[in-house]
Amino acid sequence: MRRIFVIAAAALIFAGCGSPKTEAEKFADKLLEKMTLREKLGQMSQFRPRSGVVTGPEGFSYNLEDMIKAGEVGSILSLREMEYFEIYQRMAVDSSRLGIPILFAHDIIHGCKVIFPINLGSSCTWDVEATRQSARVAAVEASAMGLAWTFSPMCDISADPRWGRVSEGSGEDPYLAAKLSAAMVEGYQGDDLSDSTTILACVKHFAAYGAPEAGREYNTVDMSERMFRDRYLPVYQAALEAGAATVMSSFNDYDGIPASGNRWLLKTVLRDELGFDGFVVSDYDAVHEMVNHGVAADGADAARLALEAYLDMEMTSGDYINHGEQLVRDGIISEKHIDELCRNILVAKYELGLFEDPFRYGGAERFARETYKPESIALARQIARESMVLLKNEDSVLPLKEGRKVAMIGPFLSDARAMNGTWDGFSEAKRIVTIEQGMKARFPEDAMTFTRGCDAYNHIEGGVEAAVRAARAADVAVLTLGLPGNHSGETTSMTSVELPQAQKELLAAVKATGKPVVVLLVTGRPMALESVDGLMDALLVVWHPGTAGGDAVADLLSGDFSPSGHLTMSFPRCDGQIPIRYNHKSTGRPLNKELDYTQSHKAKKNYLSSYLFTPNTPLYPFGYGLSYTEFAFDGLEVLDPEVGTGEDVRVKVRVSNVGNIKGTTVAQLYIRDMVASTTRPVRELKGFERVSLEPGASAEVVFTITADDMAFCREDMTFAQEPGEFGVWVGESCEADLEGHFIVRE
């Protein structure tokens, strides 16, 4: 597997030193000598069958089979009928002039057949190894179907839950997202791409796609280069350092240039600075959409911009195959440049072993053997329950006590699609365990009643009344509230992330019965819950938990397991706080945390960075999560209170389970550079560890803060560490108050 050079200077030095070519590169060069210009452009083009998943315009009209036979299809997207993997591959190998195999791709985002929780949910486990294992399962299943390429991991961080695609990422923090994204790459690609159970990973969406204005899908991204390098670039870089073979350009423009035609992004940063030597694919129709952006006059102009920006493969729009030959004939693009881009794609196919055996992926026997393995479903169940975040549990209403009668209420009780959420691969509805099924499998039948109450957005006749009757007849009411599974992911931007009104009214009516109310929040994004928080005695965020979601819910409600998830995105109080993030800057007039914001405006303005009627803080902060037991942190010791630049700092802390049951928490370490050449965040996550303890037990955790952890985009735009004083905090969320300090000397 090819690796990138991390340091920009090294990439530039080695690029020109004439290093020996690999066997894959030698093979590609020989093949290029035999290829016509049109065949090269065909390898640089990805198309979908008419039955495939559509995520954009239809584009130009074409006959896919004729193009395959002509050697004009390098990759096929979103093929769903298994038999066609072999049919189309056979067509390419046997009927085209050179027999170059096709690269089959699909959006395997959080599982293929076995579906894991949405990525945002999985990130709340803070479990790097489990994340790697889930990607490994997805790769094994996808390759068994015939796929060799997935468009994952999504490395876009975001602090705006209005943007639906937060469900596909790892939250708002670059440090955690970097660890999890790298783990996914390792899970997909393994140690050897020629292993037929591995698939190509794709780092997306390059770049800064997670910061669209107003949280609106496909919208403009406008940020400084410093912010980009400091907060957004590190996640992509971590996935590249893990060996990701491909990158996807994003839909948005950056600094006024659409990413698919942005030479600075795709050449200067990605290839020259980061040393990436794989291939870049555009997002769906993104090359031709540069005409809509207003930077290209037509398809030919769009193809020119993308080719000049070093974009190797375009997805679906056909501008390369339709206009590339003319661009070369007119001397606008050189064939040597086309060779350079096409070579990257041929090398990837060689490294996958497709030239050696084009049919190494898929097959009925392998599919039956490798999909829906019991151990894969068990892993999905484990990750689902560890992803769920307990945000509230007044009077220990959870776990449900034995012998209590439970009224199960809400629109998502038997909704299989709500379990999976967005991008559910090749899931089968009959394999999904709904919340109702999971509860029935765990609890006595006579202990529960089930009633819908309302739809996701609308009342149903007699629904509220039936829910109230059920609650009155029970000891506790459990409500499944939130958002439908297809209201997360691409094209699901929202102007409000509050609960729909019909659900608010259902919740209020059930609460009025006086019975304890537990809310299971089914969602693909953080939601603004302050207006209804007082109506909940307990709140468990279950996300869209995947194939085994219903069983995982029952695992936690029964007390068979204790919740251990911790938020990776802040939950705002109201829509007006969005975007909201824990790692914000302090500003010149920061709000004193001791100030009572409700009193500060009565006499006069406070002239601080605050709202008139709402606190600055989220309702539930980044890193927060409760358990059925309690943990205490003490004994924080900075083992290296004074170091030189480039040296590590170790921080020790003791974690104790002071409750009466076994549990798991996430110990989190945050730092702050107190004085720097540019403004720095008030806190930054720089270490975490899952800690499982029996009642009364303690464990010592030692964190190591490296020089790279302290580096940032400095005033001179170099990315490095600066000497000075640092604050350090350790605890169970970004609001940890166990504090220490250290100094870095020059």
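Note that the structure is predicted; figures quoted are calculated from it, not measured.
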Evaluate the side chain to side chain donor-acceptor pair (under 3.5 Å) criterion for residues Ser122 and Asn119: first the C-alpha distance (whole Å), next the side-chain angles of each, then the deciding distance (0.1 Å), finally the verdict.
CA-CA 5 Å; Ser122 289; Asn119 304 77; over 6 Å; no

Evaluate the side chain to side chain donor-acceptor pair (under 3.5 Å) criterion for residues Ser152 and Tyr188: first the C-alpha distance (whole Å), next the side-chain angles of each, then the deciding distance (0.1 Å), finally the verdict.
CA-CA 9 Å; Ser152 176; Tyr188 291 135; 2.8 Å; yes

Carboxylate-amine/guanidinium contact Asp230 Arg680, below 4.0 Å
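Looking at Asp230 and Arg680, the cut-off is met.
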
Does the pair Arg581/Glu172 count as a salt bridge with the N-to-O cut at 4.0 Å?
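Answer for the salt bridge query: no.
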
Quick check: Trp126 with Tyr175 (ring centres under 6.0 Å apart)?
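No, they do not, as the ring centres are separated by 6.0 Å or more.
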
Take a 6.0 Å sphere around [atom1] of [X] and say whether it holds more than 12 heavy atoms from other residues, nucleotides or ligands.
X      : atom1 : answer
Lys392 : NZ    : yes
Asp716 : CG    : yes
Lys686 : NZ    : yes
Asn660 : CG    : no
Glu630 : CD    : no

Is there a side chain to side chain donor-acceptor pair (under 3.5 Å) between Asn393 and Tyr628 once you walk through the steps?
CA-CA 9 Å; Asn393 195 21; Tyr628 292 155; 6.0 Å; no

Indicate the ring-plane relationship of Tyr254 and Trp264, choosing parallel, tilted or perpendicular according to the 30° and 60° boundaries.
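Aromatic pair Tyr254/Trp264 classed parallel.
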
Determine whether [X] and [Y] make a side-chain contact, defined as any pair of heavy atoms from C-beta on separated by less than 4.5 Å.
X      : Y      : answer
Cys734 : Leu685 : no
Arg271 : Leu266 : no
Arg672 : Trp729 : yes
Asp160 : Val166 : no
Thr523 : Val497 : no
Tyr624 : Val389 : no

Give the minimum heavy-atom separation between [X] and [Y], together with the two atoms involved.
X      : Y      : value
Asn583 : Arg231 : O-NH2, 2.7 Å
Pro161 : Ala159 : CD-O, 3.5 Å
Val203 : Ala244 : CG2-CB, 3.4 Å
Tyr620 : Leu391 : CE2-O, 3.3 Å
Arg385 : Ala552 : N-CB, 3.6 Å
Val221 : Ala211 : CG2-O, 3.5 Å

Can I get a per-line list of side-chain donor-acceptor pairs under 3.5 Å for residues 739-746, giving both atom names and the distance, sequence neighbours left out?
{"residue": "Glu739", "atom": "OE2", "partner": "His741", "partner atom": "NE2", "Å": "3.2"}
{"residue": "His741", "atom": "ND1", "partner": "Glu725", "partner atom": "OE2", "Å": "3.4"}
{"residue": "Arg745", "atom": "NE", "partner": "Glu642", "partner atom": "OE2", "Å": "2.9"}

Run the numbers on Asp156 and Tyr236 for side chain to side chain donor-acceptor pair (under 3.5 Å), then give the verdict.
CA-CA 8 Å; Asp156 306 307; Tyr236 305 115; 2.5 Å; yes

Test Phe719 against Cys713 for side-chain contact (heavy atoms from CB on, under 4.5 Å), laying out the working first.
CA-CA 4 Å; Phe719 198 88; Cys713 190; 4.2 Å; yes

Per the side-chain contact (heavy atoms from CB on, under 4.5 Å) rule, which among Pro579, Pro618, Pro526 passes with Pro572?
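Of Pro579, Pro618, Pro526, side-chain contact (heavy atoms from CB on, under 4.5 Å) with Pro572 is met by Pro526 alone.
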
Consider side-chain contact (heavy atoms from CB on, under 4.5 Å). Of Val651, Asp640, Val638, which one does Ile705 pass it with?
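Output: one option passes, namely Val651.
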
Within the distance-only criterion (no hydrogens, no angle test), does the side chain of Asn219 pair as donor or acceptor with the backbone N or O of Pro212 below 3.5 angstrom?
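No, Asn219 side chain to Pro212 backbone: no donor-acceptor pair under 3.5 Å.
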
Under 3.5 Å: donor-acceptor pair, side chain of Lys204, backbone of Phe151
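Yes; judged by distance alone, with no hydrogens or angles, the pair exists.
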
CA sep, side-chain torsions, deciding dist, call: Met154, Ile109, side-chain contact (heavy atoms from CB on, under 4.5 Å)
CA-CA 8 Å; Met154 193 185 92; Ile109 307 301; over 6 Å; no

Could you give the side-chain donor-acceptor pairs of residues 687-702 under 3.5 Å, partners two or more places apart or in another chain?
{"residue": "Arg690", "atom": "NH1", "partner": "Thr125", "partner atom": "O", "Å": "2.9"}
{"residue": "Ser692", "atom": "OG", "partner": "Thr664", "partner atom": "OG1", "Å": "2.6"}
{"residue": "Ser698", "atom": "OG", "partner": "Ser656", "partner atom": "OG", "Å": "2.6"}

Can you name the ring pair (Phe, Tyr, Trp, His ring centres under 6.0 Å) partners of Tyr209, sequence neighbours left out?
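Once residues adjacent in sequence are excluded, the partners of Tyr209 under the ring pair (Phe, Tyr, Trp, His ring centres under 6.0 Å) criterion are Trp163, His205.
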
side-chain contact (heavy atoms from CB on, under 4.5 Å) assessment of Thr678 paired with Arg714
CA-CA 6 Å; Thr678 66; Arg714 304 185 299 184; 5.6 Å; no

